[in-house]
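Below: one structure, written as structure tokens.
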Amino acid sequence: MNSAPPAPAVDHDAYPDSYIKTILADVRTIAMVGASPNWNRPSNFAMKYLQAKGYKVYPVNPGVPGTTILGELVYASLEELPETVDMVDIFRNSEAAGGITDAAIEHGAKVVWLQLGVRNDAAADRAEAQGLRVVMNRCPKIEFSRLFGELSWHGFNSHVISSKRRPVGQAETPANDPGAVTRSRAPTQAGFETRAIHAGAAPDPTTGARSTPIFQTTAYVFDDVDHAASLFNLQTFGNIYGRLSNPTTSVLEERIASLEGGRGTTCTASGHSAQLVALLPLMEPGDKIIASTKLYGGSITQFGKTFKKFDWHCDFVDMDDMAVVREAASAPGVKALYAESLANPGGVITDIEALKEIAAEVGVPLIIDNTMATPYLCQPFKHGADIVIHSTTKFLSGHGNAMGGAIVDSGTFDWFQNDKFPALSKPEPAYHGLTFFETFGDLAYTTYGHSVGLRDLGPTMAPMNAYLTIMGTETLGLRMQRHVENAKKVAEFLDGHPKVSWVSYAGLPASPYHGLARKYLPKGAGSVFTFGVKGGFEAGVKCVQSCELLSHLANIGDTRSLILHPASTTHRQLTDEQRQSAGAGDDVIRLSIGLETVEDIIADLDQALS
Ligand SMILES: *Cc1c(COP(=O)(O)O)cnc(C)c1O
């Protein structure tokens, strides 16, 4: 019997990274109870990975004693092991974990680890009372790679901020070198601006380069045939081919995940391809999403027309009316709710919490396009969103010079709660029957994004664009502050202008969305808004064409101020009715206020209007 003093209490809902890191550094020998001989089972994945990191792993499986798994003799029980192991890693259900925990205490193990999805608080109490340390509902493979700098290729949020070169490679893993654990600084809940500059981007491990290099390569060498096989089977994390991942892009992915407070990000070639890749794991032919009528015009066309070719459907509803949303969402085959936190171009703000309530009732994720707000102004995950989409083309890159998209996963949606999402909750034929959610837990959706979405659809972000967008994110806070400040002054000016019939800016107290703006975007209602020019279509066209400083183009979120007449450009493909409901009628002019001297922006609009 173990007679150590009780282990210090730890919060099993939120382990400090230092707790897990110390365990992984202390442990040398592991008994894996429930180790499977089948290579596509999560236990087999984890065992192979831990072996590669230098741990001695003993498989324990009463079903196949005397056989071997990954070169190790299988034991029927902990009692039969040839030595006392440091840790017992339990791949059984929560109930069975109780008895095995007791056996682990008896055995003299120092750590009991319960796999992803496995939790037994009573057993944990018993083990802790005997001085053992306990981890529940975590995968050691995922934790190891997260805390020792290996997750880069997936764009996962490691929560590690460090200005030191991070240890990489075999020689510096904790099992081989306990010093490795002290070398990368403790993770922090750093402030927004700090994360905007540092998250995901440690100095380059080989050269020490402080700015993230552009990895302009298509492919990556394998260590050997076995390494290649492990990579292709998703048993180990790493780069294979540029369509799936790139080290520059993964820095951006981790950065965006950190800024949104999410678990992981998949970057794509554009905002539109982000929408495509985001829906791939959710949709089967015949399924549909419920989306706001006030989406960006391009999204209305993509969802309403082009996705029909995949037999994916979309019902557009007024998301200001929750009764309408609830009714639409209860229809069969609905797989997601989709809205923009701040809608382009109407200055409309979505009640994210009200939508979340409905999405939870129906058991589908709430997807929020946060392009116009950016995580600086609005963090949809804090209000219950499950997935966040960005066109990084806009404010995140911020300089009007790089296309891109991002899909951020909160990591909190339970893909097993119903059978609506077989791509994540059932064996995947394209990966020899591995089940994404079972194997990758809260990393499943992001892993799918790379290893199926990007692999099979192919809209990969270019490394150069990732680099430019990384540069953009570094000043996101500063830029958004000034964008909002300038936008408010321009909106106030227009509001008092004799040629202007209305201004739709949620930052103005008269806006019907002002209340929601204060709740969801307390730092400001963005810098894109619309106003109505007296004189309709003709006057709109004239105003746009008379600007000298503001650029007439179809973009938003540039350092430059931009002006557009949606009825004659971006929303041209829509019907009159769709145009009206999207807030793009004949007299509407859209502005994206940039970072120039605000008096110059106002003067240019003043001369254009007169
Ligand atoms: C621009 C935009 C998109 C599409 O992004 P691209 O990068 O142009 O493909 C989607 N949603 C919103 C809100 C946008 O502004």
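For ligands, and for the atoms within them, numbers begin at 1 and follow the listed sequence.
Taking every non-hydrogen atom of Asp369 and a distance limit under 4.0 Å, the qualifying atoms of ligand 1 come out as 10 (C), 11 (N), 12 (C), 13 (C). The atoms of ligand 1 that sit less than 4.0 Å from any heavy atom of Thr393 are 7 (O). Taking every non-hydrogen atom of Ile556 and a distance limit under 4.0 Å, the qualifying atoms of ligand 1 come out as 15 (O).
No side-chain heavy atom of Asn370 sits less than 4.5 Å from a side-chain heavy atom of Ile389. Considering only heavy atoms from C-beta on, Gln275 comes within 4.5 Å of Ser299 through its side chain.
A salt bridge links Lys519 with Glu353; the closest basic N to acidic carboxylate O contact falls under 4.0 Å.
Assignment of Gly404 to the shell around ligand 1 is supported, since a heavy atom sits closer than 4.0 Å.
Among residues two or more places apart in sequence or in another chain, the side chain to side chain contact (heavy atoms under 4.5 Å, CB included) test is passed with Ser258 by Asn157, Arg195, Ala199. For Thr393, the side chain to side chain donor-acceptor pair (under 3.5 Å) test picks out Ser391, with sequence neighbours left out.
Listed for the Thr194 side chain is no donor-acceptor partner under 3.5 Å among the backbone atoms of Ala190.
Residue-to-ligand polar distances place Gly271 within reach of ligand 1: an N/O pair is separated by less than 3.5 Å. For ligand 1, the polar-atom distance check finds no N/O of Tyr296 at less than 3.5 Å from any of the ligand's N/O atoms.
Checking Gln275, Glu340, His272, Met403 against atom 8 (O) of ligand 1, the nearest heavy atom belongs to Met403.
Neither the backbone nor the side chain of Ile389 comes within contact range of ligand 1; no heavy atom lies under 4.0 Å.
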